[in-house]
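Everything below concerns the one structure shown next.
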Amino acid sequence: MRLGFLGLGAIGRPMAAHLAGHDLTVWNRTESVARAFADHHDVRRAATPVELAARVEAALTCLPTSAEVQEVMFGPEGVAEGLAPGSLVIDCTSGDPARSRMIGKALAERGVLFVDAPVSGGTNGALAGSLTVMVGGPKKAYARALPILSAFASRVEHVGPLGTGHALKAVNQAVLATNILALGEGLAALVKLGVSGGRAVEVLNASSGRSFVSEQLVPERVLTGEWPKTFRLALLDKDAAIALEVLEGAGVAGPVLHRVSELLHRARAELGEEADYLEAIKLNEREAGVKIRE
Ligand code: NDP
């Protein structure tokens, strides 16, 4: 199958690498990134989104937000201009449901199928090909997307109509952010009280407050002091804002998420656009005057 991938960022690159066995064409805004990827994986590179679209039966996008997806679809030399009727667009961005419904409607008018298919599992999951994908959209489009998504995912779940994949992903991110912020402040306090960070996490992980954050993220990133950059805090902040819109649309007040979102805005403003999401915990350390790492 002739596939195209647009957006070779931190997670897009390892996802696209799993598709290199197909007839794959890639496009990236910064051309040097696409060139390096195409050379390394021996796949084609398109100079513009429309050039990519004209070559493929299915195009995947993995961009920061739905605003960039809309731009790449319908902007000058956009994907929509080049796609043949009957082709498929799979949006793996963690995007927003309302904009995706608009994108889906505009593509449907051109006879193009569209699904929202955000992923979870991080860059390690993408490298391992073990991501979870939550798909929203018509069943017919899901059925066509499934074998493509299975190249980099161990679970591909159809969750409902267009936009529901994004909604579920946003709620997932809201819970993740809440866990990070709650554990960060709790660990800072425990260290200040004389419990080592490692010991606190070890005991917590044998108790009911444990989570993916306490079992994996904090041990691998905070306790080692490595703080790798894999997922920008700015993107988590964007996800929490989408989750708030999802809650608002459902008539749910969301007082917890409102507070979490405020804290993420503050952390993003203080730490900058390139900070990793776990670095929000550095603000807890700074405030308490401690280091969680032994
Ligand atoms: P990055 O910031 O690493 O990469 C963003 C990509 O989008 C780059 O290819 C960038 O191109 C491109 N881009 C940015 N702005 C534009 C624009 N205006 N027009 C065209 N292309 C643009 O993000 P990630 O790869 O980390 O994330 C991508 C999506 O996946 C996000 O929605 C994120 O929330 C989600 N996600 C990320 C995970 C992770 O662990 N990183 C995990 C799960 C989901 P350029 O090279 O030119 O900058």
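As the structure is a prediction and not an experimental result, all values here were calculated from the model. Atoms within each ligand, like the ligands themselves, are counted from 1 in listed order.
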Check: Of Arg268, Lys229, Arg232, Arg286, which meets salt bridge (charged side-chain N to carboxylate O under 4.0 Å, His left out) against Glu279?
Finding: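 Looking at Arg268, Lys229, Arg232, Arg286, the match for Glu279 under the salt bridge (charged side-chain N to carboxylate O under 4.0 Å, His left out) is Lys229.
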Check: What residues, two or more places apart in sequence or in another chain, satisfy side chain to side chain donor-acceptor pair (under 3.5 Å) together with Glu270?
Finding: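 Counting only residues at least two positions away or on another chain, Glu270 forms no side chain to side chain donor-acceptor pair (under 3.5 Å).
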Check: Would you find more than 12 non-hydrogen atoms of other residues, nucleotides or ligands less than 6.0 Å from Glu262 atom CD?
Finding: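 Buried by this count: over 12 neighbours within 6.0 Å.
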Next item on the list: Indicate the atoms forming the closest heavy-atom contact of Ala34 with Val26, along with that distance.
Entry: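 Where Ala34 meets Val26 most closely, the heavy atoms are O-CG2, 4.1 Å.
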Notebook entry, point to check: Closest heavy-atom contact between Ile148 and Ala58?
Noted result: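 That closest heavy-atom pairing would be CD1-CB, 3.9 Å.
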Notebook entry, point to check: Would Glu285 and Lys282 pass as an ion pair if we require N to O under 4.0 Å?
Noted result: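 Salt bridge flag = no for Lys282 with Glu285.
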Next item on the list: Below 4.0 Å from any atom of ligand 1, which residues have a heavy atom? Give them in chain and number order, please.
Entry: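 Within the 4.0 Å shell of ligand 1, which is judged on heavy atoms, sit Gly7, Leu8, Gly9, Ala10, Ile11, Gly12, Trp27, Asn28, Arg29, Thr30, Cys62, Leu63, Pro64, Glu68, Glu71, Val72, Thr93, Ser94, Val119, Gly122, Thr123, Lys169, Thr230, Phe231, Arg232, Leu235, Lys238.
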